[in-house]
Protein chains: 2
Amino acid sequence: MPKRTLDQVRETRETVLRRSADVASVNGLDGLSFSQIAAEVGLSKSGLAGYFESKTDWQLAVIGYARSVFRESVIDIGRESSNVNTPLIVSTCRAWLDYIELPVFPGGCFFAAAAAEFDDREGVVRDAIRGTYAQLRKYIAALAGRDADEKGAGEQTAFELIAVMIYLNQSLRLGGDHQTGSMARRSISRIIGHPVDK
Amino acid sequence: MPKRTLDQVRETRETVLRRSADVASVNGLDGLSFSQIAAEVGLSKSGLAGYFESKTDWQLAVIGYARSVFRESVIDIGRESSNVNTPLIVSTCRAWLDYIELPVFPGGCFFAAAAAEFDDREGVVRDAIRGTYAQLRKYIAALAGRDADEKGAGEQTAFELIAVMIYLNQSLRLGGDHQTGSMARRSISRIIGHPVDK
DNA sequence: CCTACCGATCGGTAGG
DNA sequence: CCTACCGATCGGTAGG
């Protein structure tokens, strides 16, 4: 008979992953250390490490968790707030702006940070980040391609939208630029052909 | 009488900074370690550390060196290759694309990597990176504003250009996307109102 | 510019 | 899930 129920284990794991994703959004996925996160969630270093096979396995689990946060904060909210006056691409861009500007993760967009950190290192972590971006590009391209004239216009729109979102995120995190928000909104409105301001 | 001439010291320092910038473009500015770079340039760890007051001072020197590389590779080449058929904004974008795609630094754009790494950490390193972006934005906005109708159009153009360049860089480094180059060129051509392909 | 060292921290494991 | 340990590496410094 286990000392902790399966639900308790699941809850601890959830707490660990949430805290890990928050820290990784600021310090990077390599900036995660077992000892630091363990202290923050009230475990011993080895107690925490026991939840994962290795640091890489831990990083993959954190990426999976961050993906679920992005899905809930951007994709799902975008779907729920679309209506007859608000096409899905517009409501999704609004949820996306909120995700970046709130920000949902304390270090801003988790995937912008993770991509820059791992984009030159081969391995399963980079593969997971690449897959996340590929899936996002495909989803946004499908939304944008619905009311497009030319073939390939959806892909082009998705490329430009992601570019603006990444630079908006970087500029907000770096600080010192008070025009960023309005310039990003002007670009997004032009790219999707619809005002993005509420 | 010093054992090494001032020119030799300057040459060693140049070698150290070039190698440091190359490594930092891949592993990040925090990924630099005295022992690793020292071994690569044939110095002892303390021999290398003696060139700088601290690791932070070293990172600032590397940023300054990377700035000179960007200036020579993008700003200066852009100026030299402008002519009656090629506005400065166009030739600069072409040099910029080369800087990213060659790539000049083995890890792609040094400043895209540095910004993502330090954008959440207060201090002189972040300040230096922010200043570099601010200067670039101002320069590009001035180029783009020359033949613009509206006021503020130059700033908007600079914002969108940098966004596309950053995402082009990220997508190339992450790999697996064969459309990136042509999509970036299509965006850039539209943003500056002039075909960027040679 | 070198060797030799400092304390701190890392990921990981042994053993319970 | 804990304590206690491993070898490796870090930035930095003492002393020459």
Side-chain angles (χ1 to χ4, degrees), chain A residues 1-21 23-24 26-63 114 117-118 121-126, chain B residues 1-21 23-24 26-63 114 117-118 121-126:
Chain A
M1 209 170 90
K3 294 177 185 170
R4 297 173 59 94
T5 66
L6 284 179
D7 270 359
Q8 285 175 319
V9 169
R10 218 171 291 145
E11 192 181 323
T12 300
R13 192 185 159 89
E14 177 85 2
T15 301
V16 165
L17 288 178
R18 179 170 49 244
R19 189 78 198 112
S20 302
V23 170
V26 175
N27 295 337
L29 279 164
D30 248 27
L32 290 173
S33 88
F34 287 127
S35 47
Q36 182 201 352
I37 301 296
E40 294 192 27
V41 300
L43 287 174
S44 70
K45 187 183 74 163
S46 289
L48 188 156
Y51 280 82
F52 311 99
E53 290 195 351
S54 65
K55 183 166 183 181
T56 298
D57 181 59
W58 180 26
Q59 292 169 326
L60 290 176
V62 173
I63 290 172
E117 186 181 10
F118 276 87
R121 313 189 207 173
E122 296 189 1
V124 288
V125 174
R126 182 172 88 151
Chain B
M1 206 172 90
K3 295 178 183 167
R4 296 173 59 95
T5 67
L6 283 179
D7 270 0
Q8 283 174 320
V9 169
R10 217 170 292 146
E11 190 180 322
T12 301
R13 192 183 160 91
E14 176 86 2
T15 301
V16 165
L17 289 178
R18 178 168 51 243
R19 188 78 197 112
S20 302
V23 170
V26 174
N27 296 338
L29 279 164
D30 248 28
L32 289 173
S33 89
F34 287 127
S35 47
Q36 182 201 353
I37 301 297
E40 294 192 26
V41 301
L43 287 175
S44 70
K45 188 184 72 161
S46 289
L48 187 156
Y51 279 83
F52 311 98
E53 291 194 352
S54 64
K55 183 168 182 180
T56 297
D57 181 60
W58 181 25
Q59 292 169 326
L60 290 175
V62 173
I63 290 171
E117 186 181 9
F118 276 86
R121 314 189 207 174
E122 296 190 0
V124 289
V125 174
R126 183 172 86 150

Specify the separation, in whole Å, of atom [atom1] of [X] and atom [atom2] of [N].
X: A:Phe52; N: C:dT13; atom1: CZ; atom2: C1'; result: 18 Å
X: B:Glu53; N: D:dT13; atom1: CD; atom2: P; result: 10 Å
X: A:Phe34; N: D:dA8; atom1: CZ; atom2: P; result: 20 Å
X: B:Asp57; N: D:dG11; atom1: CG; atom2: P; result: 14 Å
X: B:Tyr51; N: D:dG12; atom1: OH; atom2: P; result: 18 Å
X: A:Trp58; N: C:dG12; atom1: CH2; atom2: C1'; result: 13 Å
X: B:Ile37; N: D:dG11; atom1: CD1; atom2: P; result: 10 Å
X: B:Lys55; N: D:dG11; atom1: NZ; atom2: P; result: 4 Å

Query - Pairing partner of D:dG16 (Watson-Crick or G-U wobble, both distances under 3.5 Å) - result: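 By the stated definition (distances under 3.5 Å), C:dC1 pairs with D:dG16.
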Query - For C:dC10, the Watson-Crick or wobble counterpart (both distances under 3.5 Å) - result: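 For C:dC10, the partner nucleotide comes out as D:dG7, under the 3.5 Å rule.
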Report task. Could you check if a side-chain atom of A:Leu29 sits within less than 4.5 angstrom of a side-chain atom of A:Trp58, using non-hydrogen atoms only? Result ->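 Side chain of A:Leu29 against side chain of A:Trp58, heavy atoms only: no contact under 4.5 Å found.
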Query raised in the report: Do A:Asp30 and B:Asp30 come within less than 4.5 Å of each other through their side chains, counting heavy atoms only?
Result: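 In short, these two side chains do not touch, never coming nearer than 4.5 Å.
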Query raised in the report: OP1, OP2 of D:dC10 versus side-chain N and O of B:Ser35: anything below 4.0 Å?
Result: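 Checking D:dC10 against B:Ser35, a side-chain N or O does come within under 4.0 Å of OP1 or OP2.
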**Report entry** Toward the 5' end of DNA chain C, by each residue's nearest nucleotide, A:Gln36 or A:Ser46
**Finding:**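 Its nearest nucleotide being more 5', the pick is A:Gln36.
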Requested in this report: Rounded to the nearest 0.5 Å, what's the gap from CZ on A:Phe34 to NZ on A:Lys55? Could you check?
Outcome: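 If I round to the nearest 0.5 Å, the distance is 7.5 Å.
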Query - Nucleotide of D:dG12, D:dC1, C:dT3 approaching B:Ser44 most closely (side-chain heavy atoms) - result: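 That would be C:dT3.
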Query raised in the report: So which nucleotide from C:dC1, C:dG11, D:dC1 ends up closest to the side chain of B:Thr12?
Result: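 Per side-chain heavy atoms of B:Thr12, the pick is C:dC1.
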**Report entry** Residues A:Glu11, A:Asp7; criterion side-chain contact (heavy atoms from CB on, under 4.5 Å); working and verdict
**Finding:** CA-CA 6 Å; A:Glu11 192 181 323; A:Asp7 270 359; over 6 Å; no
Report task. Kindly indicate whether the side chain of A:Lys45 and the base of C:dG12 share any N or O donor-acceptor pair separated by less than 3.5 Å? Result ->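 Such a pair exists between side chain and base.
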Report task. For A:Ser33, report the nucleic acid contact type (base, sugar-phosphate, nothing); a contact means any heavy atom under 4.0 Å. Result ->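 Sugar-phosphate, no base atom in range.
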Requested in this report: Under 4.0 Å between any heavy atoms, over every strand shown, what does A:Leu43 touch: base, sugar-phosphate, or nothing? Just pick one.
Outcome: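 A:Leu43: backbone/sugar contact only, no base atoms under 4.0 Å.
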Report task. Output yes when a side-chain donor or acceptor of A:Lys45 lies under 3.5 Å from a complementary backbone atom of A:Ser33, and no otherwise. Result ->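 No, the answer is negative, given that no donor and acceptor are paired below the 3.5 Å cut-off.
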